[in-house]
2 protein chains.
Amino acid sequence: MIVSERVIQRLVLYRKILQNLLTDGVTKIYSHALGDFVDSTPAQVRRDIMNIGYKGTPVHGYDISLLISSISDFVDPTQTRNVCIIGLGNLGKAILDYCHARNSKINIIDAFDKDPSKTNIEINGCKSYHINELETKIEDDRIELAILSVPISEAQAIAERLIRAGIKGILNYSPIELRLPEYIYVENRDMMLALEKVAYFAK
Amino acid sequence: MIVSERVIQRLVLYRKILQNLLTDGVTKIYSHALGDFVDSTPAQVRRDIMNIGYKGTPVHGYDISLLISSISDFVDPTQTRNVCIIGLGNLGKAILDYCHARNSKINIIDAFDKDPSKTNIEINGCKSYHINELETKIEDDRIELAILSVPISEAQAIAERLIRAGIKGILNYSPIELRLPEYIYVENRDMMLALEKVAYFAK
DNA sequence: ATTTCCATGTGAATTCATTAACAAAGTTAA
DNA sequence: TTAACTTTGTTAATGAATTCACATGGAAAT
């Protein structure tokens, strides 16, 4: 089953919510309750879940634990995927704080920075290296994805190095549109654009 | 003209690109060239621009400077909107680094943290205060929007305080779904979800 | 001057996403 | 047992977003 970007975004969001509920001891949920969490409709939730093949039961709704497993089977890679992060400034450190270990299939294992004072340290299980070691570490550690949190001036050049080194996807926090081959998946997260959107819609 | 979230997102993205081009001395652009920057189609670009009422000329395309003005007239608030940021950890500082002064109508002027060592400092023109002063500063400085970059455990409570203090919109970087009245506009930016999406689509 | 390019603006067509609606089925209560 | 609820899964209907396609018109070349 092929699903769109939007469905994937909602599925991973559902999973996050379901994981929190499970931690709180909740074991079952109805489509309308899950919909409420994400400001969506029961029909939308049911359709999304239909996509991944999981089936709930009438009256009892969905078993949270089983639903989490089904979502994970669908959205997670079969093998773990290794991720690196480039740039250990405030943003890089923040991402390591937040991304730490919520998904066992996605591991941020290496960090790179050009500042020697930021190398050879370990943050949340992620070790940092000098940017000179980028290519060799990516190959040795079988890294496939990268998070880019470097200043604008360096983003394009680093992105190109990443791709030459074999990276398949980039989560880009640098506020610049990278010009890369189309077979590379890039997700841009410009914080100022997000704020401009909020400013427009907050009445 | 009422436009959707997606159109607004594209418009602010176009503006960013156009501003960079203008800085580089480029003065005109065609819909297909702008489309290439954002991996979109000429038709999409033309339709988006149609929404805001600006008209280009055949053969010469769009005047970048005029188009920027038209987008700004459309998406920017009429008066400046003041923004505060809650949480001056790595993420808060990162946001202040990145968001600094790209849009003159949106000013991040106050920051708050519960850690006294992070108060009474100034970063990029944004002054920091103790979280105790949240309500009074929001009122005195006429702050309407907030960026939330606090740990999960504090996010919901802080968000409720913000709303009681009169905040209209929240850009939420805490990886939790806030439960707030529906008249509050909330934009969630969960970094781990973004990475999960990249992991799914990067082939 | 005439022809040939191109690019825009926009109505129409198409594709994609969401919602409605209802049969099926488990549960509860009488 | 039977009737009344409630919720799912799914098809059909609706609605939204995108793309097509072409009339229009300015510029350059012959």
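Computation of the quantities below employed the complete heavy-atom set of this structure, encompassing side-chain atoms and omitting hydrogens, waters and symmetry-equivalent molecules. The sequence lines fix the lettering, A, B, ..., with proteins before strands; numbering per chain opens at 1.
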Self-check item: Nearest-Å distance for atom pair CD1/P, residues Ile49(B) and dG9(C)
Solution: 7 Å
Quiz prompt | Rounded distance in Å - CZ (Arg47(A)) to P (dA20(C)) | solution = 13 Å
Practice problem: Specify the separation, in whole Å, of atom CG of Asn51(A) and atom P of dA17(C). | Solution: 10 Å
Exercise. Choose from dA17(C), dA7(C), dG9(C) the nucleotide whose nearest atom is closest to any side-chain atom of Pro58(B).
Key: dA7(C)
Exercise. Return the orientation label for the Tyr200(B) and Phe74(A) ring planes: parallel under 30°, perpendicular over 60°, tilted otherwise.
Key: parallel
Exercise. Give me the first and last nucleotide of DNA chain D, going 5' to 3', that has any atom under 4.0 Å from a heavy atom of chain A.
Key: dT6(D) to dA12(D)
Quiz prompt | 5' priority, DNA chain D, between Tyr30(A) and Gln44(B) [closest heavy atom] | solution = Tyr30(A)
Self-check item: Atom-pair distance (CD1 on Ile52(B); P on dG9(C)), nearest Å
Solution: 10 Å
Self-check item: pair Ile71(B)-Tyr14(B): side-chain heavy atoms closer than 4.5 Å
Solution: yes
Self-check item: Heavy-atom closest pair, residues Tyr30(A) and His60(A)
Solution: CE2-C, 3.6 Å
Quiz prompt | Length of the line joining Lys28(A):NZ and dG26(C):C1', which is rounded to integer Å | solution = 13 Å
Quiz prompt | Rounded distance in Å - NE2 (His32(A)) to P (dA21(C)) | solution = 18 Å
Quiz item: So does Lys55(B) get a side-chain nitrogen or oxygen closer than 4.0 Å to the phosphate oxygens (OP1/OP2) of dT10(C)?
Solution: yes
Quiz item: Is a salt bridge present between Glu177(B) and Arg179(B), judged by a nitrogen-to-oxygen distance below 4.0 Å?
Solution: no
Exercise. For DNA chain C, determine which residues of residues 67-76 of chain B have any heavy atom closer than 4.0 angstrom to one of its atoms, and list them numerically.
Key: none
Quiz item: If we only count heavy atoms from C-beta on, is the Tyr183(B) to Lys168(B) side-chain gap below 4.5 Å?
Solution: no
Quiz item: Within the pair Arg6(A) and dC16(C), is there a side-chain N or O less than 4.0 Å away from OP1 or OP2?
Solution: no
Quiz item: How many Å lie between CD on Gln9(A) and P on dA17(C), as a whole number?
Solution: 12 Å
Quiz item: Considering only dA17(C), dT10(C), dT19(C), which nucleotide approaches the side chain of Ser4(A) most closely?
Solution: dA17(C)
Quiz prompt | Interatomic distance where CZ belongs to Arg46(A) and P belongs to dA23(C) [whole Å] | solution = 15 Å
Quiz item: Are the side chains of Met192(A) and Asn103(B) in touch, meaning some heavy atoms are under 4.5 Å apart?
Solution: yes
Self-check item: Given DNA chain C, 5'-ward residue of the pair Met50(B) and His60(B), judged by closest heavy atom
Solution: His60(B)
Quiz item: Going by distance alone, is a donor N or O of one side chain under 3.5 Å from an acceptor N or O of the other, for Ser72(B) and Arg15(B)?
Solution: yes
Self-check item: Flag if over 12 foreign heavy atoms under 6.0 Å of CD, Glu139(A)
Solution: no
Exercise. May I ask you to check whether over 12 heavy atoms, not counting those of Lys114(A), lie within 6.0 Å of atom NZ?
Key: no
Quiz item: Are side-chain heavy atoms of Leu91(B) and Leu91(A) found at a separation under 4.5 Å?
Solution: yes
Quiz item: Across the strands shown, which category fits Ser40(A) at heavy-atom distances under 4.0 angstrom: base, sugar-phosphate, nothing?
Solution: nothing
Exercise. Take Ala43(A) and Val59(A), find for each the nucleotide of DNA chain C with the closest heavy atom, and name the residue whose nucleotide sits nearer the 5' end.
Key: Ala43(A)
Self-check item: Under 4.0 angstrom between Thr57(B) side-chain N/O and dT8(C) OP1 or OP2
Solution: no
